[in-house]
*Asks:* 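Please see the structure below; I have some questions.
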Amino acid sequence: MTKINNSSTRHKFSAKNKLKRILWLLVCTFLFRPFKLRFFKKWRVFVLRVFGADVSWKAMVNSSVKIWAPWNLKMGDYACLGPGVDCYNQGFITIGKNVTVSQKSYLCASTHDFTSKNHELLVQPIVIQEKSWIAADAFIGPGVTVGEGAVVGARAAVFKDVAAWTVVGGNPAKFIKKRELK
């Protein structure tokens, strides 16, 4: 049996990265989350942009969203992160124009190499292309691309790319049908 020792497997984020995250947590606590009203949506975008996020002024980021690293986030026009979305973006996350990520969804752009006895951290980007919808409480895993116009059903767990203009659901997410606009 292979002996696994996780004591030396901590990912080595730079001191600069750690300092930026501490500063982000403080700013988020006092200058982002308290501004809950829709009136403050441009303020929240401003705060994210100060921390290096590439977020359109036309995007909507709810005040209860958790963002691990704003500098690893890109959002297009009219993209929306709904209430309680957890954007665990150790890796880069790109959210295209007119994308909705509904409440309590989880975007996770990192994982561990479970085949290695050192269990190293792997960061892999997530791309959610234009006109897609991630429904409530869905999970999008590292390295996943959600194609243009795709729909990820509520509570779905997505571990593989989703084809454009399809609807997927379940755990693991499976093809349900083609998406056709009327």
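All values derive from a computational prediction rather than experimental measurement.
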*Asks:* Going by side chain to side chain contact (heavy atoms under 4.5 Å, CB included), Trp133 matches just one of Val151, Val167, Val152. Which one?
*Replies:* Val151
*Asks:* For Ile126 and Pro142, which heavy atoms make the closest approach, and how far apart are they?
*Replies:* CG1-CA, 4.3 Å
*Asks:* Mark yes or no for whether Thr145, through its side chain, and Gly147, through its backbone, hold a donor-acceptor pair below 3.5 Å.
*Replies:* no
*Asks:* Is Lys104 salt-bridged to Asp137, cutoff N-O under 4.0 Å?
*Replies:* no
*Asks:* Is the distance from the ring center of Phe13 to that of Trp68 below 6.0 Å?
*Replies:* yes
*Asks:* If you measure from CZ on Arg21 to NZ on Lys16, what distance do you get to the nearest 0.5 Å?
*Replies:* 14.0 Å
*Asks:* Where do Phe35 and Leu37 land on the side-chain contact (heavy atoms from CB on, under 4.5 Å) test, with the steps shown first?
*Replies:* CA-CA 6 Å; Phe35 295 89; Leu37 300 176; over 6 Å; no
*Asks:* Compare all side-chain heavy atoms of Ser102 with those of Ile134 and state whether any distance is below 4.5 angstrom.
*Replies:* no
*Asks:* What distance do Tyr88 atom OH and Cys108 atom SG have between them, rounded to the nearest 0.5 Å?
*Replies:* 7.0 Å
*Asks:* Test your reading of the model: is there a side-chain donor-acceptor pair from Ser105 to the backbone of Val101, 3.5 Å cut-off?
*Replies:* no
*Asks:* Just verifying a value: how many Å separate Leu122 CG and Ser110 OG, rounded to the nearest 0.5 Å?
*Replies:* 9.0 Å
*Asks:* Indicate if Val123 and Phe139 have the same hydrophobic cluster label, given that clusters are the connected sets of ILVMFWY residues with side-chain heavy-atom separations under 4.5 angstrom.
*Replies:* yes
*Asks:* Within a strict 4.5 Å, meaning less than it, do heavy atoms of the Ile67 and Asn89 side chains meet?
*Replies:* yes
*Asks:* Can you tell me if CZ on Arg33 sees more than 12 non-hydrogen neighbours from other groups inside 6.0 Å?
*Replies:* yes
*Asks:* Looking at every non-hydrogen atom in both residues, tell me the closest pair between Ala150 and Ala163 and how far apart they are.
*Replies:* CB-O, 3.6 Å
*Asks:* Students often mix this up, so state it plainly: with edges at 30° and 60°, are the rings of His119 and His112 parallel, tilted or perpendicular?
*Replies:* parallel
*Asks:* Which atom pair, heavy atoms only, marks the closest approach of Cys87 to Leu73?
*Replies:* SG-CD1, 4.1 Å
*Asks:* Treating Ile, Leu, Val, Met, Phe, Trp and Tyr as nodes and any side-chain heavy-atom pair under 4.5 angstrom as an edge, say whether Trp71 and Met75 lie in one connected cluster.
*Replies:* yes
*Asks:* To the nearest 0.5 Å, how far apart are CD1 in Ile140 and CD1 in Ile128?
*Replies:* 5.5 Å
*Asks:* Could you report the tightest heavy-atom contact between Ala156 and Gly169, atom names first, then the distance?
*Replies:* CB-CA, 3.9 Å
*Asks:* Please say yes or no: joined through hydrophobic side-chain contacts below 4.5 Å, possibly via intermediate residues, are Leu31 and Phe46 part of one cluster?
*Replies:* yes
*Asks:* Surrounding NZ of Lys20 (heavy atoms of other residues, nucleotides or ligands, distance under 6.0 Å), is the total greater than 12?
*Replies:* yes
*Asks:* Check each of Asp86, Ile95, Asn62, Val55 against Leu81 using the side chain to side chain contact (heavy atoms under 4.5 Å, CB included) test, and report the only one that passes.
*Replies:* Ile95
*Asks:* Kindly indicate, with the supporting measurements, whether the criterion side-chain contact (heavy atoms from CB on, under 4.5 Å) is fulfilled by Val47 and Trp24.
*Replies:* CA-CA 9 Å; Val47 172; Trp24 166 244; 3.8 Å; yes
*Asks:* Nearest heavy-atom pair of Ser64 and Gly84: which atoms, and what distance?
*Replies:* OG-N, 2.9 Å
*Asks:* Same hydrophobic cluster for Phe39 and Val65, using side-chain heavy-atom links shorter than 4.5 Å among ILVMFWY?
*Replies:* yes
*Asks:* Please confirm whether the ring centroid of Phe32 lies under 6.0 Å from the ring centroid of Trp43.
*Replies:* no
*Asks:* Would you compute the distance between atom CG of Leu181 and atom NZ of Lys131 and round it to the nearest 0.5 angstrom?
*Replies:* 9.0 Å
*Asks:* Could you tell me whether the side chain of Arg179 and the main chain of Gly149 form a donor-acceptor pair under 3.5 Å?
*Replies:* yes
*Asks:* Does Leu48 belong to the same Ile/Leu/Val/Met/Phe/Trp/Tyr cluster as Val50, with side-chain heavy atoms less than 4.5 Å apart forming each link?
*Replies:* yes
*Asks:* Taking all atoms of both residues into account, what is the closest heavy-atom pair of Val99 and Gly96, and its distance?
*Replies:* CG2-O, 3.3 Å
*Asks:* With a sphere of 6.0 Å drawn around OH of Tyr78, does it hold more than 12 non-hydrogen atoms of other residues, nucleotides or ligands?
*Replies:* no
*Asks:* Which distance, rounded to the nearest 0.5 Å, do you find between the CZ of Arg44 and the OG of Ser63?
*Replies:* 5.0 Å
*Asks:* Does Gln90 offer a backbone N or O that forms a donor-acceptor pair with the side chain of Asn72 under 3.5 Å?
*Replies:* yes
*Asks:* Using side-chain contact (heavy atoms from CB on, under 4.5 Å), reason through Gln124 and Thr111 one step at a time and then give a plain yes or no.
*Replies:* CA-CA 8 Å; Gln124 298 172 327; Thr111 186; 4.2 Å; yes
